[in-house]
Amino acid sequence: MAEKHVAHTFESIMKELKAGVYRPIYLLMGDEAYFIDKISDYIAENAVSEEERAFNQVVVYGLDTTPAQVMDAAHAMPMMAKYQVVIIREAQLMRGIEQLEKYFRKPIQSTIFVVCYKKEPPKSRKGWVGEAEKNGVVFESKKLRDYALPGFVTQYLKVRGADIEQKAAMMVSESIGADLSRIVSELDKMLISMPEGKKRITPDTVEQNVGISKDFNIFELRDAIVKKDVVKANTIAKYFDKNPKSGNLHSLVPQLFYFFQNLMAAYYCPNKTHEEELAAWLGLRGGWAARDYLTAMRLYNATKVMYIIQKLRTVAAKSNGLDNRNTTEGELMQELVFFILH
């Protein structure tokens with residue numbers, strides 16, 4: 001009996017694939033191309049051997065093909081192999097893609113049909129998407145939130161036998177943003193350039209390879225605000241005003257909003273003085289991640305935090321032009337930093 005409404009994750013799909021378990025349909029949808037490419041590339045490289053690919057692997061592009069042509073290819077039987085693989089890349093460009101519903105309703109079990117749809121998925125889980133979900137795997141690849149990027153960096157390096165200091169992970173995330181393919185490319189370059197036997201990335205490593213300052217970045221400004229280091233915070237804010245590529249309001253506000261929202265929740269933790277319990281309460285990765293909140297709770301009371309969250313909302317609106325005629329981004333940043341620290 002076909003599975004229904006299974007919440008597939010990137011990790012669960014890759015675990016199955018590496019165990020040699022293949023489904024007849026993989027509908028990979030969403031605006032984060034990195035995970036879609038990783039899954040489809042793994043299937044392309046591993047489902048059939050290199051010798052079998054000439055007769056048992058078809059890769060087409062949505063703009064250059066039709067649903068009828070692809071379904072015809074998917075109905076073919078593999079030649080001297082267990083499977084044949086059919087991959088549609090850039091499937092969001094295919095006209096009439098909903099016609100695939102007919103095939104998805106009754107897929108060929110010896111065909112691994114992969115659809116790479118790099119676009120926000122349809123809201124309805126009926127029709128072609130619903131049939132793919134009933135008889136195969138539907139995976140929604142979402143852009144990672146800014147606060148999740150350092151965790152991605154750390155995990156990516158861990159799999160490769162390397163580690164990274166927290167500050168360095170924040171620097172990579174802040175300087176590159178939510179472009180996972182570029183993050184991975186920069187991390188790979190760093191690993192290649194590191195001396196043999198050295199597998200720890202430090203802020204100095206990032207500064208030398210990515211070209212950002214280890215002293216003037218969003219992480220350092222956030223750290224100064226958390227610790228109420230007025231001189232350091234104002235120095236960095238003024239530096240950003242003259243060097244907007246190093247840091248700006250649009251990258252600072254989400255970081256601070258996430259932190260102070262969590263800080264407000266921290267006050268309600270039953271045992272808010274214990275690192276591990278506070279980390280579990282806030283859904284953090286470990287006790288070390290709760291240390292900033294322990295520091296901030298000593299320096300900011302709950303009422304001030306509530307006002308800070310309101311101020312962050314106001315500044316975010318003004319930075320997007322709402323009720324703001326002539327205040328520059330640099331002035332807004334310095335106003336925000338002053339409000340938080342005083």
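Numbering of residues begins at 1 and proceeds along the displayed sequence.
Between atom CD of residue Gln57 and atom CD of residue Glu45 there is a gap of 9.0 Å, rounded to the nearest 0.5 Å. How far OH of Tyr26 is from NE2 of His8: 8.5 Å, rounded to the nearest 0.5 Å. To the nearest 0.5 angstrom, Ile164 atom CD1 is 4.5 Å from Ile201 atom CD1. Here the CG atom belonging to Leu252 is positioned 11.0 Å from the CG atom belonging to Leu332, to the nearest 0.5 angstrom. Taking CE of Met79 as the start and CZ of Phe55 as the end, the distance is 5.5 Å to the nearest 0.5 Å.
The backbone N or O of Ser181 sits nowhere less than 3.5 Å from a side-chain atom of Ser185 that would complete a donor-acceptor pair. Between the side chain of Glu331 and the main chain of Thr328, a donor-acceptor pair closer than 3.5 Å is present. Judged by distance alone, the side chain of Thr65 and the main-chain N or O of Gly62 form no donor-acceptor pair under 3.5 Å. Side-chain atoms of Asp31 never come within 3.5 Å of backbone atoms of Lys119 as a donor-acceptor pair (strictly under, hydrogens ignored). Distance alone, capped at 3.5 Å, is enough to place a donor-acceptor pair between the Asn46 side chain and the Tyr42 backbone.
Taking the six-membered ring where tryptophan is involved, the planes of Phe139 and Phe35 are perpendicular, since the angle between them exceeds 60° and thus also 30°.
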Stepwise salt bridge (Lys or Arg N to Asp or Glu O under 4.0 Å) check, Lys272 with Glu277: CA-CA 7 Å; Lys272 53 180 172 283; Glu277 289 191 31; over 6 Å; no
Pair Val86-Ile112, side-chain contact (heavy atoms from CB on, under 4.5 Å): steps then yes or no: CA-CA 6 Å; Val86 176; Ile112 302 170; over 6 Å; no
Steps toward salt bridge (Lys or Arg N to Asp or Glu O under 4.0 Å) verdict (Glu16, Arg23): CA-CA 9 Å; Glu16 268 196 357; Arg23 310 289 189 99; 2.7 Å; yes
Check against salt bridge (Lys or Arg N to Asp or Glu O under 4.0 Å), Lys227 and Asp292: CA-CA 8 Å; Lys227 295 173 181 174; Asp292 281 349; 5.6 Å; no
Verdict with reasoning, Ile183 to Val153, per side-chain contact (heavy atoms from CB on, under 4.5 Å): CA-CA 8 Å; Ile183 286 177; Val153 169; 3.9 Å; yes
Residues Val115, Phe104; criterion side-chain contact (heavy atoms from CB on, under 4.5 Å); working and verdict: CA-CA 11 Å; Val115 181; Phe104 289 168; 4.0 Å; yes
Verdict with supporting geometry, Arg89 and Asp64, salt bridge (Lys or Arg N to Asp or Glu O under 4.0 Å): CA-CA 10 Å; Arg89 300 200 184 278; Asp64 303 325; over 6 Å; no
Check against side-chain contact (heavy atoms from CB on, under 4.5 Å), Glu335 and Lys311: CA-CA 10 Å; Glu335 175 189 324; Lys311 182 67 172 179; 2.6 Å; yes
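Screening Arg182, Met190, Glu186 for a side chain to side chain contact (heavy atoms under 4.5 Å, CB included) with Val172, the sole residue that qualifies is Met190.
For the pair Lys304 and Phe339, the cation-pi test (distance below 6.0 Å, angle within 45°) is passed. The side-chain tip of Lys228 points at the ring of Tyr300 from less than 6.0 angstrom away and within 45° of straight on.
Residue-environment remark: CE (Met77) exceeds the threshold of 12 foreign heavy atoms within 6.0 Å. When the shell of 6.0 Å around NZ of Lys38 is examined, it contains 12 or fewer heavy atoms from other residues, nucleotides or ligands. With a 6.0 Å radius and a threshold of 12 heavy atoms from other residues, nucleotides or ligands, Tyr267 has its OH atom above the threshold.
Sorted by first and then second residue, the pairs that involve residues 229-238 and meet side-chain hydrogen bond (donor to acceptor under 3.5 Å, both in side chains), not counting sequence neighbours, are Glu220-Lys232. Residue pairs meeting the side-chain hydrogen bond (donor to acceptor under 3.5 Å, both in side chains) criterion with at least one member in residues 106-117, sequence neighbours excluded: Gln84-Thr111. Listed by first and then second residue, the ring-ring contact (aromatic ring centres under 6.0 Å, His included) pairs involving residues 151-180 are Tyr34-Phe152 (not counting sequence neighbours).
Placement of Val70 and Ile108 within a single hydrophobic cluster is found when ILVMFWY residues are connected by side-chain heavy-atom separations under 4.5 Å, directly or transitively. Both Ile218 and Val337 are members of a single hydrophobic cluster when ILVMFWY side chains are connected at heavy-atom separations under 4.5 Å. In the hydrophobic clustering of ILVMFWY residues, with side-chain heavy atoms under 4.5 Å counting as a link, Leu284 and Val226 come out together. Met170 is not connected to Phe259 by any chain of hydrophobic side-chain contacts under 4.5 Å among Ile, Leu, Val, Met, Phe, Trp and Tyr, and they are in different clusters. The same ILVMFWY cluster, assembled from side-chain heavy atoms under 4.5 Å apart, contains both Tyr307 and Val253.
Residues Glu32 and Lys143 are paired through a salt bridge, judged by an N-O separation under 4.0 Å between the basic side chain and the carboxylate. A salt bridge is absent between Lys15 and Glu11; no separation between the charged side-chain nitrogens and carboxylate oxygens falls under 4.0 Å. Looking at Glu50 and Arg53, no side-chain N of the basic residue comes within less than 4.0 Å of a carboxylate O on the acidic one, giving no salt bridge. Salt bridge absent: Asp223 and Lys167 never bring a charged side-chain N and a carboxylate O closer than 4.0 Å.
Under the 4.5 Å side-chain criterion, counting only non-hydrogen atoms from C-beta, Tyr103 is in contact with His75. Leu278 has its side chain within reach of Met297: a pair of non-hydrogen atoms, C-beta onward, lies under 4.5 Å apart. Using a 4.5 Å heavy-atom cutoff, the side chains of Tyr268 and Trp281 are in contact. The side-chain heavy atoms of Trp288 and Gln166, taken from C-beta on, include a pair separated by under 4.5 Å. Between Leu100 and Ile88 the shortest side-chain heavy-atom distance falls below 4.5 Å. Taking 4.5 Å as the limit, some side-chain heavy atom of Phe257 sits within range of a side-chain heavy atom of Arg313. A heavy-atom distance below 4.5 Å is not found between the side chains of Ile87 and Phe113. Within the 4.5 Å cutoff, the side chain of Leu187 has heavy atoms near those of the Leu157 side chain.
Between Gly30 and Ile36 the shortest heavy-atom distance is O-CD1, 3.8 Å. Contact between Pro203 and Ala168 at its shortest, heavy atoms only, is N-CB, 3.7 Å.
Checked against the 6.0 Å centroid criterion, the rings of Tyr22 and Tyr83 qualify as a close aromatic pair.
Residues passing the salt bridge (charged side-chain N to carboxylate O under 4.0 Å, His left out) test with Asp163, sequence neighbours excluded: Arg200. Residues satisfying the salt bridge (charged side-chain N to carboxylate O under 4.0 Å, His left out) criterion with Glu329, sequence neighbours excluded, are absent altogether.
Side chains of Thr273 and Asn271: a donor on one and an acceptor on the other come within 3.5 Å.
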Using atom types as modelled, flag every donor-acceptor pair under 3.5 Å from a side chain in residues 91-98 to any protein atom, sequence neighbours excluded.
from  : atom 1 : to     : atom 2 : distance (Å)
Gln92 : OE1    : Lys118 : N      : 3.0
Gln92 : NE2    : Glu90  : OE1    : 2.6

